[in-house]
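These numbers come from a predicted model, not from an experiment.
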Amino acid sequence: MTQISLYGFLRPRPERKDEVRRILTSLVEPSRAEPGNLHYDLHEQEDGRFFLYEVWRSREDLELHNQYPPLRDFLGNLSDYLEEAPEAYTGTPLSPPAHERP
C-alpha cells in the first residue's frame with residue numbers, strides 16, 4: 001500500500017474568510033479520526049490563504065475521506081467560498097513521519 005499526501009493553498013473570498021476558517025477547522029478532528037489518516041494539519045498564512053497538509057495510508061483512504069458529507073458540501077461549492085481554484089498537489093511521501101523515525 002502506497003501512502004499519498006495532499007497539500008495545497010486555498011484563498012477565501014474576503015467576505016467568507018471567517019466561514020471558510022470555521023468549515024476547515026471543523027474538518028480537522030473528524031479527518032484525523034478516519035482510519036486511513038496518518039497526518040492532517042491546517043495552517044493560516046499571513047496573506048490570508050489556508051494551507052492544508054494531509055497524508056493518507058492509501059489513495060483509497062483519501063477517496064473515502066473525500067466522501068465525508070461536510071467535505072463534499074464544501075468541495076461542491078468551492079467557487080462560492082474561494083477567490084480562485086485551490087492550488088493543490090498530491091505526492092508520495094519519501095521520508096517517514098517523525099513518529100516512525102528510529
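Note that the CZ atom of Arg16 and the CD1 atom of Ile23 stand 7.0 Å from one another [nearest 0.5 Å]. Note that CD of Glu34 and CD of Glu29 are 12.0 Å apart. Values are rounded to the nearest 0.5 Å. Atom CZ of Arg57 sits about 7.5 Å away from atom CG of Leu38, to the nearest 0.5 Å. Put simply, CG on Asn37 and CG on Leu64 are 11.5 Å apart, with the number rounded to the nearest 0.5 Å. Atoms CH2 and CD, from Trp56 and Gln3 in turn, are 12.0 Å apart once rounded to the nearest 0.5 Å. Here the CZ atom belonging to Arg21 is positioned 13.0 Å from the OG atom belonging to Ser26, to the nearest 0.5 angstrom.
The minimum heavy-atom distance linking Pro12 with Gly48 is given by the pair CD-O, 3.4 Å. Between Arg22 and Thr25, the shortest heavy-atom distance links the atoms O-OG1, 3.1 Å.
Under the 4.5 Å side-chain heavy-atom criterion for ILVMFWY residues, a single connected hydrophobic cluster contains both Phe74 and Leu52. The same ILVMFWY cluster, assembled from side-chain heavy atoms under 4.5 Å apart, contains both Val20 and Leu10. A single hydrophobic cluster is not seen to contain both Val28 and Tyr7; linkage of ILVMFWY side chains at heavy-atom distances under 4.5 Å, directly or through other members, places them apart. By the criterion of side-chain heavy atoms lying less than 4.5 angstrom apart, applied directly or through intervening Ile, Leu, Val, Met, Phe, Trp or Tyr residues, Phe51 is not grouped with Leu75; the two fall into different hydrophobic clusters. Under the 4.5 Å side-chain heavy-atom criterion for Ile, Leu, Val, Met, Phe, Trp and Tyr, Leu78 and Tyr68 are members of the same hydrophobic cluster.
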side-chain contact (heavy atoms from CB on, under 4.5 Å) between Leu62 and Leu6, worked out: CA-CA 9 Å; Leu62 175 58; Leu6 172 66; 4.1 Å; yes

Full working for side-chain contact (heavy atoms from CB on, under 4.5 Å) between His65 and Ser31: CA-CA 7 Å; His65 164 69; Ser31 298; 3.0 Å; yes

side-chain contact (heavy atoms from CB on, under 4.5 Å) between Arg11 and Glu87, intermediate numbers included: CA-CA 9 Å; Arg11 184 178 303 280; Glu87 180 184 345; over 6 Å; no

Check against side-chain contact (heavy atoms from CB on, under 4.5 Å), Phe50 and Leu42: CA-CA 7 Å; Phe50 293 98; Leu42 171 66; 4.1 Å; yes

Check against ring pair (Phe, Tyr, Trp, His ring centres under 6.0 Å), His39 and Tyr53: CA-CA 7 Å; His39 195 93; Tyr53 177 70; 5.2 Å; yes

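In this structure, a donor-acceptor pair under 3.5 Å is present between the side chains of Arg72 and Gln67. For the 3.5 Å distance criterion, the side chains of Glu83 and Tyr81 fail to qualify, holding no donor opposite an acceptor.
Taking 4.0 Å as the cut-off between side-chain N and carboxylate O, Glu44 and Lys17 count as a salt-bridged pair.
Using a 4.5 Å heavy-atom threshold, the side chains of Leu27 and Pro70 count as touching.
Geometric assessment of Arg32 against the ring of Tyr40 yields a negative cation-pi assignment under the 6.0 Å and 45° thresholds.
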